[in-house]
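Each ligand, and each atom within it, is numbered from 1 in the order the structure gives. Numbers for residues simply follow the sequence, beginning at 1.
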Amino acid sequence: MLLEQEPRLRELRVFDLHLSSWLEELKTGPVQVTPIQGDVTQAHQVAAAVSGAHVVIHTAGLVDVFGRASPETIYKVNVQGTQNVIEACVQTGTRFLVYTSSMEVVGPNVKGQPFYRGNEDTPYEALHKHPYPQSKAQAERLVLQANGRKVQGGLPLVTCALRPTGIYGEGHQIMRDFYLQGLRLGSRLFRAIPASVEHGRVYVGNVAWMHVLVARELEPRAELMGGQVYFCYDKSPYKSYEDFNMEFLGPCGLRLVGTRPLLPYWLLMLLATLNALLQWLLRPLLLYAPLLNPYTLAIANTTFTVSTNKAQRHFGYEPLFSWEDSRTRTILWVQGSTQ
Ligand SMILES: NC(=O)C1=CN([C@@H]2O[C@H](COP(=O)(O)OP(=O)(O)OC[C@H]3O[C@@H](n4cnc5c(N)ncnc54)[C@H](O)[C@@H]3O)[C@@H](O)[C@H]2O)C=CC1
Ligand SMILES: C[C@H](CCCC(C)(C)O)[C@H]1CC[C@H]2[C@@H]3[C@H](O)CC4=CC(=O)CC[C@]4(C)[C@H]3CC[C@]12C
C-alpha cells in the first residue's frame, strides 16, 4: 500500500521475525525495499532498524486468543516490543509513530456488554482478563503517553493508535480454516452464534490505507492527531461473525445450517470450558489450541460494532476499497488459497 499510494516514499524497511518471500517481488520497483529479519523484543535490533526513518508504523504483534503462546510471551512481544519501538524512535530521532492497536483494547468486555455502533468517545467498561487484549491495551497506553516526548535532536514525538475491528481479506487464515472445515462437513457449517449478534469487521486493504494516510498526515496535522486513537472502519456490513463469513464462504459453495444456533449457549460454553481444561491437561505433552474456548466464544457472542467518522474528520479518510471490491477480493483469495 505504501509503495502504491505514497509518491514521496524513498525507502521502505520491513522489520519482521519472519520475512515472507513476496517481499522479494517488491524489490523490483524504483523505491528501495529493505527487509530486516529481527525481533521487536530485542531493543538493539529495533533501534538499528528504526535509525534514520522518518516514520515508523508498528504493526508487529503476537495475535493469540487461543492459548498458543504463554501470557509472558504475549506481554514480551506486544508490550515490551512496543516500548522498544518507542525508545528506538526517541534515541534515533524518528518523530512519527503509528501503532496498530485493536478494538480489543475497548472490548468486548468480560461482562458481555454490547458495544453497539459506538465511536471513540462512547463510554464502555473495558475490563480485560485475557493476555492479548490486556497487552494491546497496555501497549496502546505506552504509545499515547509517549506523544510529546522529546526525541534525539529535541523535537517532539508524535504518536497515534489505530484500532481495527476484526480484519478480513487476503491472508485471513481463520477464514480459510472455516472453509476447509465446511468442506469436510459436506459443504456445510453449523450456526453457533445468534444472527442478531453484530460483530465489527474491516477489510485489510482499508486498514492498510488508513495506516498510510495517518503516516502521511501525522506531520502536517500533529496538533490535531498526536496522542489520538482512531477505530479502523469501512463500509463492510454489520453482521454476526458467522453470517459475515458466509458473504465469502457462500459464493465458495458452503451453506450455513440453521436460522438459530444448533447448540444452546450453555452447552457451547461447557464445550469451550472443556477445551480449556484439555488444553491445560495436555500442555506438557502437546499444544491443543482449538478455535472454541471461553474467551473466543464470549467475543463472538457479544455485539461489538463501530460507527464513527473521526478518521474522516481528522485526516480525510475514505475507504479505498468498496464493500463490493473487498468482498470480491476476499472470495477470490479463499477460492485460490486452497488449490
Ligand atoms: N487480525 C485481526 O483481526 C486484528 C489484528 N490487529 C493487530 O494488527 C497487527 C497485525 O495482526 P495480524 O496481521 O492479524 O497478525 P499476523 O500474525 O498476521 O502479523 C503479525 C506480524 O508480526 C510479526 N511478529 C510477531 N512477533 C514478532 C516479533 N517478536 N518481532 C518481530 N515481528 C514479530 C509476525 O511475524 C507477523 O508478520 C497486530 O498488531 C494485531 O494486534 C488488530 C485488530 C484486529
Ligand atoms: C475464532 C472466533 C470465532 C469462533 C466462534 C466459534 C468457536 C463459535 O465458531 C473469532 C470471533 C471473533 C474473533 C476476534 C475478533 O475479530 C477480534 C479480534 C481482534 C484482534 O485484535 C485479534 C483477533 C481477534 C481477537 C479475533 C480472533 C478470532 C475471533 C475470536
Any donor-acceptor pair under 3.5 Å linking the side-chain atoms of Y233 with those of Q312? no
Less than 4.0 Å is my threshold; does some heavy atom of K136 fall inside it relative to ligand 2? no
Which heavy atom of the protein is the closest neighbour of atom 5 (C) of ligand 2, given with residue, atom name and distance? A300 CB, 4.0 Å
Between F231 and F304, how do the two ring planes meet: parallel, tilted or perpendicular, split at 30° and 60°? perpendicular
Please tell me if atom 24 (C) of ligand 2 is touched by the protein, where touching means a protein heavy-atom distance below 4.0 Å. no
Considering only the protein, which heavy-atom contact is closest to atom 19 (C) of ligand 2, and what is its distance? E104 CG, 3.5 Å
Name the closest protein heavy atom to atom 6 (C) of ligand 2, giving the residue it belongs to and the distance to 0.1 Å. L292 CD1, 4.6 Å
Enumerate the atoms of ligand 2 whose separation from the nearest heavy atom of Y132 is less than 4.0 angstrom. 20 (C), 21 (O), 22 (C)
Atom 27 (C) of ligand 2: the protein heavy-atom neighbour that sits closest, reported with distance to 0.1 Å: V65 CG2, 3.9 Å
Could you state the interatomic distance from CZ (R216) to CG (L2), rounded to the nearest 0.5 Å? 9.0 Å
Protein non-hydrogen atom found under 4.0 Å from atom 30 (C) of ligand 2: yes
Quick one: which ligand 2 atoms are inside 4.0 Å of a heavy atom on S102? 19 (C), 20 (C), 21 (O)
Does K310 make a cation-pi contact with Y230, if we ask for NZ or CZ under 6.0 Å from the ring centre and within 45° of the axis? yes
Protein heavy atom under 4.0 angstrom of atom 17 (C) of ligand 2, is there one? yes
So, the side chain of N78 versus the backbone of L62: is there a donor-acceptor pair under 3.5 Å, distance only? yes
So do the side chains of Y295 and K129 get within less than 4.5 Å of each other, counting heavy atoms only? no
Taking the six-membered ring for Trp, are Y168 and F248 ring centroids under 6.0 Å apart? yes
Quick check on contacts: which atoms of ligand 2 are under 4.0 angstrom from a heavy atom of G166? 16 (O)
Counting non-hydrogen protein atoms only, what is the nearest one to atom 28 (C) of ligand 2? Give residue, atom name and distance. I174 CD1, 3.8 Å
Enumerate, one pair per line, all nitrogen or oxygen atoms of ligand 1 lying under 3.5 Å from a protein nitrogen or oxygen, stating the separation to 0.1 Å; write 'none' if no such pair exists.
{"unit_1": "ligand 1", "atom_1": "3 (O)", "unit_2": "I167", "atom_2": "N", "d": "2.9"}
{"unit_1": "ligand 1", "atom_1": "22 (O)", "unit_2": "G61", "atom_2": "N", "d": "3.3"}
{"unit_1": "ligand 1", "atom_1": "29 (N)", "unit_2": "D39", "atom_2": "OD1", "d": "2.9"}
{"unit_1": "ligand 1", "atom_1": "30 (N)", "unit_2": "V40", "atom_2": "N", "d": "2.9"}
{"unit_1": "ligand 1", "atom_1": "32 (N)", "unit_2": "L17", "atom_2": "N", "d": "3.2"}
{"unit_1": "ligand 1", "atom_1": "35 (O)", "unit_2": "D16", "atom_2": "OD1", "d": "2.5"}
{"unit_1": "ligand 1", "atom_1": "37 (O)", "unit_2": "D16", "atom_2": "OD1", "d": "3.3"}
{"unit_1": "ligand 1", "atom_1": "37 (O)", "unit_2": "D16", "atom_2": "OD2", "d": "2.6"}
{"unit_1": "ligand 1", "atom_1": "39 (O)", "unit_2": "T59", "atom_2": "O", "d": "2.9"}
{"unit_1": "ligand 1", "atom_1": "39 (O)", "unit_2": "K136", "atom_2": "NZ", "d": "2.8"}
{"unit_1": "ligand 1", "atom_1": "41 (O)", "unit_2": "Y132", "atom_2": "OH", "d": "2.6"}
{"unit_1": "ligand 1", "atom_1": "41 (O)", "unit_2": "K136", "atom_2": "NZ", "d": "2.8"}

Taking the six-membered ring for Trp, is the centroid-to-centroid distance between W323 and Y238 below 6.0 Å? no
To the nearest 0.5 Å, atom CD1 of I74 lies from atom NE2 of H130 at 6.5 Å
E242 N/O under 3.5 Å from ligand 2 N/O: no
One should read off an interatomic distance between L97 CG and R149 CZ, to the nearest 0.5 angstrom, of 11.0 Å
Looking only at protein heavy atoms, what sits closest to atom 15 (C) of ligand 2 is H199 NE2, 3.4 Å
In terms of residue, atom name and distance, what is the protein heavy atom nearest to atom 4 (C) of ligand 2? F178 CZ, 4.0 Å
Got L218 and C160 here, is their nearest side-chain heavy-atom distance under 4.5 Å? yes
For the CG atom of D39 and the CD atom of Q37, what is their distance to the nearest 0.5 Å? 8.5 Å
Note: ligand 2 atoms sitting under 4.0 Å from heavy atoms of T296 are 30 (C)
So which heavy atom in the protein is nearest atom 1 (C) of ligand 2, and how far is it from that ligand atom? F66 CE2, 4.0 Å
Pairing donors with acceptors under 3.5 angstrom, does anything connect the side chains of T122 and N119? yes
Among F304, Y241, Y295, which one has a heavy atom closest to atom 10 (C) of ligand 2? Y241
May I ask you to decide if the ring planes of F315 and Y317 are parallel, tilted or perpendicular, using 30° and 60° as cut-offs? tilted
Between the main-chain N or O of R117 and the side-chain N or O of T305, is there a donor-acceptor pair closer than 3.5 Å? yes
